[in-house]
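Each remark here refers to the structure printed beneath this line.
Quick caveat: nothing in here was measured; it's all calculated off a predicted structure. Just follow the structure's listing: the first ligand is 1, and inside any ligand the first atom is 1.
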Amino acid sequence: MRILVTGAGGFLGSHLCDRLLAAGHTVVGMDNFLTGRPGNLTHLEGNARFKVLRHDVSMFIDVAGPLDGILHFASPASPIDYLEHPIPTLKVGALGTHNSLGLAKAKGARFLLASTSEVYGDPLVHPQPESYWGNVNPVGPRGVYDEAKRFAEAMTMAYHRYHGLDTRIVRIFNTYGPRMRPKDGRVVSNFIVQALRGEPLTVYGDGSQTRSFCYVDDLIEGIMRLFERGSADPTNIGNPHEFTVRQLAERVLVLTGSKSKIVERPLPVDDPQVRQPDITHARKTLGWEPKVSLDEGLRRTIEYFREIVKDERVRQP
Ligand code: UDP
C-alpha cells in the first residue's frame with residue numbers, strides 16, 4: 001500500500017512510519033515540524049520507499065499519485081505544546097482533519113484518525129469505555145485540544161456515514177518511549193530527564209492523580225491492527241495498568257538509581273484526576289493487549305534519555 005502519515009516527524013508518527021515501512025508499505029510522511037522533529041526521521045533517509053513532505057495540513061493538501069491509506073497524526077499533543085499553540089491545535093484538529101478526510105475521499109484511501117483519551121476530559125466514569133461521552137470543559141485551557149479532537153471524531157464519522165469512507169478512530173491513552181522530546185513536558189519524559197540530571201522530580205499537585213502508561217511499541221501494534229482489520233467505531237488503545245503520578249516518580253527514581261528529590265508543583269487547570277482505558281473492545285475485535293510492563297518500558301526509555309543527557313553534558317561541560 002502507499003500510505004500518507006501526517007505528523008510523521010512526531011513521537012508516534014515516526015514510530016508509525018518505521019512500522020509501516022517494516023510491513024512493506026510505501027510511506028509519504030508529512031509534517032510542518034511545529035512540534036515534530038526532522039531528527040526523528042533521519043534514519044529513514046535513503047529509504048527508497050519513504051519520502052517527507054514539509055507541509056501544514058491545516059492548508060489544502062496536495063499529494064501526487066495514488067494513496068491507499070491516510071493515518072492522521074498531525075497535532076501538538078503534549079499539554080504544554082497545545083497551551084503554547086492553541087490556535088494551530090484547533091486548526092489542525094478541525095481544518096487539518098477536514099483536509100485529510102477530503103484527500104482520503106479523493107484518493108479512495110482508508111482513513112485513520114489519531115484521537116485521544118482527552119475526549120473523555122476529567123472522566124466521571126472509571127475506567128473509560130468507548131461508550132462514555134466524556135466530561136470536557138470546552139472553555140478551559142485544555143479545551144483547544146479536547147474539542148478539536150472531538151470535532152475531528154465527529155467529522156470522521158460524518159465522512160464515514162455520508163460519503164461511505166472506510167474510517168478508523170483510535171483513542172490513544174498516555175504513551176511513552178524513545179523519541180519523546182526531553183522538553184516534551186509530559187510526565188514520563190520530565191521525570192526521567194530530571195532524575196538523570198539529578199534535578200528534583202516535579203510532581204504536580206499531591207501526585208494522587210492517576211494515569212495508565214502504554215509503551216510505544218504496544219501502542220503502534222494496536223494501531224496497526226486497528227488500521228488493518230478494525231471497524232469505524234472508536235477504539236481505545238492504551239495500557240490499563242493504572243498508577244498514581246507519585247508512584248511513577250518513585251519507579252523512575254528506583255530504575256535510574258537517581259538521588260533526586262520529589263517536589264510538589266501546582267496542579268495544572270482541568271488536569272484529569274483519573275485515567276484508565278477499558279480495552280475490552282480492542283481485546284475482542286483486534287485480539288490486542290499491551291505486553292510491555294511499566295518497568296520494562298521505563299528501562300528502555302531511560303536508556304534512550306541517558307544518551308541524550310550524556311550528549312548535553314558533552315556539549316555544555
Ligand atoms: N505531571 C507531573 N509532573 C510533570 C509533568 C506532568 O506531575 O512534570 C502530571 C500532570 O499534572 C498529569 C500527569 O502527570 O496529572 C500526566 O501529565 P502529562 O502532561 O504527561 O499528560 P496528560 O495525561 O495530562 O495529558
Counting heavy atoms only, which part of S78 comes closer than 4.0 Å to ligand 1: side chain, backbone, both or neither?
neither
In a check of salt bridge (charged side-chain N to carboxylate O under 4.0 Å, His left out) between D217 and each of K291, R179, R300, which one passes?
R300
Is it the case that R275 places NZ or CZ above or below the six-membered ring of Y120, under 6.0 angstrom from the centre and within 45 degrees of the axis?
no
Closer than 4.0 Å to some heavy atom of N190 - which atoms of ligand 1 meet that?
4 (C), 5 (C), 8 (O)
List the closest protein heavy-atom neighbour of atom 3 (N) of ligand 1: residue, atom name, distance to the nearest 0.1 Å.
T202 O, 2.5 Å
Which heavy atom in R171 sits nearest to a heavy atom in V119, and how many Å separate them?
NE-CG2, 3.5 Å
Which residue in the set Y176, Y304, F173 passes ring pair (Phe, Tyr, Trp, His ring centres under 6.0 Å) when paired with Y215?
Y176
Heavy-atom side-chain contact between K149 and S75 under 4.5 Å:
yes
Using distance alone, with no hydrogens and no angle criterion, decide if S115 and E153 have a side-chain donor and acceptor under 3.5 Å apart.
yes
Can you tell which part of R275 has a heavy atom less than 4.0 Å from ligand 1: side chain, backbone, both or neither?
side chain
Starting from atom 1 (N) of ligand 1, what is the nearest protein heavy atom, named by residue and atom, and what distance separates them?
Y204 CD1, 3.3 Å
Electrostatic pair D166:R168 at N-O distance under 4.0 angstrom:
yes
For atom 10 (C) of ligand 1, the protein heavy atom that lies nearest, with its residue and separation:
D271 OD2, 3.3 Å
Please report which non-hydrogen protein atom sits nearest to atom 13 (C) of ligand 1, along with the residue it belongs to and the distance in Å to one decimal place.
V245 CG2, 3.8 Å
What part of I80, side chain from CB on, backbone N/CA/C/O, both or neither, has a heavy atom under 4.0 Å from ligand 1?
neither
At the 4.0 Å heavy-atom cut-off, does E118 count as touching ligand 1?
yes
So between Q209, R211, R186, whose heavy atom ends up nearest atom 23 (O) of ligand 1?
R211
Identify, by atom number and element, the atoms of ligand 1 in contact range of P79, meaning under 4.0 Å from any of its heavy atoms.
19 (O), 25 (O)
Does even one non-hydrogen atom of R142 get within less than 4.0 Å of ligand 1?
yes
of all protein heavy atoms, closest to atom 21 (O) of ligand 1 is N174 ND2, 3.6 Å
Could you tell me whether R49 atom CZ has more than 12 heavy atoms of other residues or ligands within 6.0 Å of it?
yes
Looking only at protein heavy atoms, what sits closest to atom 20 (O) of ligand 1 is V187 N, 2.8 Å
Per-atom contacts of ligand 1 with V203, taking only distances under 4.0 Å to non-hydrogen atoms:
7 (O)
Under a plain distance cut-off of 3.5 Å, with no hydrogens placed, do D270 and N137 share a side-chain donor-acceptor pair?
yes
Side chain to side chain donor-acceptor pair (under 3.5 Å) partner of R181, the single match among D81, T35, N40:
D81
